[in-house]
Amino acid sequence: MSFGKGCHLHLIDGSAFIFRAYHALPPLTRKSDGLPIGAVAGFCNMLHRYVEGNTGPDAPTHVAVIFDYSGKSFRNEMYDLYKANRPPAPEDLVPQFPLTRDATRAFNIACKEVEGFEADDIIATLAHQARDAGGRCTIISSDKDLMQLVGGGVEMLDAMKNKRIDVDGVREKFGVGPERVVDVQALAGDSVDNVPGAPGIGIKTAALLINEFGDLESLLDRAEEIKQPKRRQTLIEKRDQIELSKRLAQLDCEMELDFSLEDLEVQEPEADTLLGFLGEMEFRTLLKRVADQLGVEAPAIAEPSAAEGAGSSEELAPIDPDAYECVRDASALESWIAQSYARGYVAVDTETNSLNEMVAELAGICLSVETGSACYVPVGHKKGANDDLFGGEELQPGQMGLNDALALLKPMLEDPSVLKIFQNAKYDCKIFKRYGIDVAPIDDTMLLSYAMHAGEHNHGMDALSERYLEHTPIPIKTLLGTGKSAITFDKVPIEDAVKYAAEDADVTLRLWKIFKQRLHSKKVTTVYETLERPLVPVLAEMEMHGIKVDRDTLSRMSNAFAQKMAGLEAELYELAGHEFNVQSPAQVGAILFEEMALEGGKKTKTGQWSTPADVLEDLAATHDFAARVLDYRQLQKLKSTYTDALQEHINKDTGRVHTSYVQTGANTGRMASSDPNLQNIPVRTEEGRRIREAFVSEQGKTLISLDYSQIELRILAHIAEIDALKEAFRDGQDIHAMTASEVFGVPMDEMTGEIRRRAKAINFGVIYGISGFGLARNLRIPRGEAQDFINRYFERFPGIRTYMDSTKEFAKEHGYVQTLFGRKIHTPEINAKGPRASFAYRAAINAPIQGTAADIIRRAMIRMPAAIKGLPMKMLLQVHDELIFEVEDDAIEDAIGAARDVMQGAAEPAVKLDVPLIVDAGRGQNWAEAH
DNA sequence: CCTGTCACG
DNA sequence: GACGTACGTGACAGGG
């Protein structure tokens, strides 16, 4: 039904609903798991009451709930202090925001938000569209900023007072008609939104002036005529500020929206969806009321004791690869897209011809909106493989055009009201991004699993499917083969691809249903919503941007290394008296421990000689052979892993290297970097550090590097509550020297490098779950001596021992440990017997510290895009406690300031650390200089 | 494909 | 009483 005369559009100010609900209700939590749920409960009650009230001739024909998009809007570009004095949303409200979107969809009401715009702008645009189409519009809000829209069929409704606001109502509030409201606001300003206005002028005076002069422009032009001297002066001097205020107050009523009024038609809620959501939230009263009204039985709400369990694979359709559909034309695809809109969510999976997202081309896309049902849309399957002679680039028949399919999918994939569900969303999002599609919002089964089960198992789809669905997906190898004869996915016959690919979407959707439900009972909703989900687009952007690497620098170094290695090789043959493979530990060991008959050789479990660096280092003092092997190995490592391999990773099109971050890479919350790993570029030796000279900035730009100083020790001081450490950090002392002074009783002014070095080793040892053996090996001192150090350390800082003991007890009892931000790291082996338990114990000591640091830098990364918007800088890399940016030369100071502010404040407001977080910064034309 | 080695925080 | 141990990663080469 098209929108026109006789139609009535309701626009609900979603944010106003949320905040009113939040403040109106006590901090309710869900009974089964303690998830804060008060605002969602109030929101649902308000929506329900609203829907109930929609009867009679005045009922809307179209409706939407409009939300503010989190982050900054275009107004911040006009004025960076816009809304700057707003405190951040309360911590227990943040995880409820996405749930209010879910609630809206559950009521089958359109749910809209647009990045870079405020809800008010969307409302303005839609209200104008409705008015221009000859229909009516009611804005359900009491926000005075929206009053400029009233008139010509547009009214407001204050839902609290149940009072309609028409042109007269606006006049009552502002003293002028809606068309002059912006002028009054420009003068009066707004302390809530931090709009400056004209100092000393409020709404009353502003209305007086506007009514006298007609409009703001005339007023400002003729300001000289004002009698009151103070007022006249203000208007003349603050003209710029007033004009800025007007632009800030003016709503954008000509936004380009990717949906139209027709899409907002009122729909009846679907009983299953709505009751399912209310049941999941455990809103017992509302659930019963809604069920009664719909004339169905209210589903039972699981009692807390029954929350655990394999999962609710109740009446899921069986997984049947033959049930999947192959979509070959536009009308079939449109039908799937329509279903996605109707549901409000869709599982999506892409198939490509490469695992490298920067070069991969789409072979096909699958969608699933209902378990047991899925489709595959082939768009790039080529002949070849079997009939390879001339088939190389020729497409298999029966496929939609790539561009046609994407044109149909793009609006849905970008629509804020349709949740796109992926397994490893970052991969698919990057693929779509390269085809000009910005997928949002997303959910990710891999990240859901990681948030709930880190330390318990891996989070790949096959493992998850086996574990939670008791189903083994078709192995990709059966389609692609292995080794040299393997083909790429685009060469797979479409009929085979349908079964494999669509099954993946089906499995993803099934996993999502199970995980979404369990997330709350595992009490990691906040972790998922604040530390995992928002990081996906941030990482995707960093990866796609990449960092420039200079091939010539690497290639020159490679040649130099090769020459040196050849020299060392000859020398080693000479020393050994014969030729051998220097790269074989077994052969090196045989020469050292058999031919030269040296002591101290150990064998590996496979019976080969073992020749690790620390053993060779002991021998190197007296034996050139060992020293040369070490030299050779270092060069070999640098050459093969860095100077040679890195060149292969330079992207042909961009000239840059694009790593890929594995968000679930480490159980502690750290990430891993791969293809290539840019988190282990050498820095400790001079020769290795030079590799960083190949990582360069573009012409006219500079690399800046900001790293947290001693972040893990600071976190230890906070968590274990070590007052002496805390004070030392507050006073900016040399923390290792201070430790040395305390433990070894040496006054600070008599400190020697050696004593400080030992204290430093102990400090790090504590973070790793110290043992006498480990410390002894690290410091190369007898084990008894190392144990003495540790004992003295514990005597001086008894809090450390308490922390270690209580952490161990917690892990033994619960099977996991936690970071300050609620991330859980499971330690299933903590109750094992033997050395495995020792490993688990030390990991349990380390995980809260390493994990809290990881959480903090994640928070910084998530906030970074909004904080540096407007500055000519890009975030390129993360190395656990360091962020690297590329910035235009004339903005270096601003860039460092902005990034440092975000990093140093990243723990807050969730956690207030007892120690300051300090960030050091460096800059340069290459990474070696910047670090 | 697994193991040993070594690069990083 | 002996044993084996610092925490977290990824890439490469050798060898079966």
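Convention: sequence-line order gives letters A, B, ...; per-chain numbering from 1. The figures here come from the full heavy-atom set of this structure, side chains too, leaving out hydrogens, waters and symmetry mates.
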Quiz item: Pairs in or reaching into residues 621-645 of chain A: which pass salt bridge (Lys or Arg N to Asp or Glu O under 4.0 Å), with residues at least two apart or in two chains?
Solution: A:E571-A:R628, A:R628-A:D631, A:K639-A:D644
Self-check item: Value in whole Å for how far the C1' atom of C:dA6 lies from CD1 of A:I770
Solution: 8 Å
Quiz item: Which is true for A:G769 with a 4.0 Å heavy-atom rule: it touches a base, it touches only sugar-phosphate, or it touches nothing?
Solution: nothing
Exercise. Using only heavy-atom distances, decide whether a donor-acceptor pair under 3.5 angstrom links the side-chain of A:R783 to the base of C:dT5.
Key: yes
Self-check item: For atom NZ of A:K602 and atom P of C:dC3, their distance in whole Å
Solution: 12 Å
Quiz prompt | Pairwise P distance for B:dA7 and C:dG4, with rounding to whole Å | solution = 26 Å
Exercise. Would you indicate, yes or no, if C:dA6 has its OP1 or OP2 atom less than 4.0 angstrom from a side-chain nitrogen or oxygen of A:R842?
Key: no
Quiz item: Does the side chain to side chain contact (heavy atoms under 4.5 Å, CB included) test come out yes or no for A:I845 and A:Y803, once each step is laid out?
Solution: CA-CA 8 Å; A:I845 301 292; A:Y803 162 73; 4.0 Å; yes
Quiz item: Going by distance alone, is a donor N or O of one side chain under 3.5 Å from an acceptor N or O of the other, for A:E595 and A:H578?
Solution: yes
Self-check item: Between A:Y450 and A:N667: side-chain donor-acceptor atoms closer than 3.5 Å
Solution: no
Self-check item: Distance between P atoms of B:dG4 and C:dT5 (Å, rounded)
Solution: 12 Å
Self-check item: Proximity to the side chain of A:T641 - top-ranked nucleotide from C:dG14, C:dG8, C:dC12
Solution: C:dC12
Exercise. For A:E617, look at atom CD and say whether over 12 heavy atoms of other residues, nucleotides or ligands are found less than 6.0 Å away.
Key: yes
Self-check item: Interatomic distance, A:L775 CG vs C:dC7 P [rounded to whole Å]
Solution: 13 Å
Exercise. For nucleotides 1-9 of chain B, just jot down a letter per nucleotide in 5' to 3' order: B, S or -, based on protein non-hydrogen atoms under 4.0 Å.
Key: ---SSBBBB
Exercise. Using the P atom on both, measure C:dA6 against B:dT5 and round to a whole Å.
Key: 13 Å
Exercise. Write down the distance between CD1 (A:I715) and C1' (C:dG8), rounded to a whole number of angstrom.
Key: 14 Å
Quiz item: Does any non-hydrogen side-chain atom of A:L678 lie less than 4.5 Å from one of A:L646?
Solution: yes
Quiz item: Using purine N1 to pyrimidine N3 plus N6-O4 or O6-N4 for Watson-Crick, or N1-O2 and O6-N3 for G-U wobble, both under 3.5 Å, which nucleotide pairs with B:dC6?
Solution: C:dG10
Exercise. Could you check whether A:Q878 gets within reach of a base, just the sugar-phosphate, or nothing at all, counting any heavy atom under 4.0 Å?
Key: nothing
Quiz item: A:A847 near the nucleic acid: base, sugar-phosphate alone, or nothing, with a heavy-atom cut-off under 4.0 Å?
Solution: nothing
Quiz item: Between A:N778 (CG) and C:dC7 (P), how many Å, whole number?
Solution: 12 Å
Practice problem: Could you pull out all residues at least two apart from A:K564 that satisfy side-chain contact (heavy atoms from CB on, under 4.5 Å)? | Solution: A:L635, A:E687
Quiz item: Taking any strand in view, what nucleotide pairs with C:dC3 in a Watson-Crick or G-U wobble way, both distances under 3.5 Å?
Solution: none
Quiz item: Which is true for A:A761 with a 4.0 Å heavy-atom rule: it touches a base, it touches only sugar-phosphate, or it touches nothing?
Solution: base
Self-check item: Ring centers of A:Y793, A:F797 separated by less than 6.0 Å
Solution: yes
Practice problem: Find the distance A:Y841:OH to C:dC3:C1' and express it as a whole number of Å. | Solution: 18 Å
Quiz item: Once you round it to whole Å, what is the distance between C1' of C:dC12 and NE2 of A:H649?
Solution: 11 Å
Quiz item: A:H826 NE2 to C:dG8 C1': how many Å, rounded?
Solution: 18 Å
Exercise. Tell me whether the OP1 or OP2 atom of C:dG4 has a side-chain N or O from A:S771 closer than 4.0 Å.
Key: no
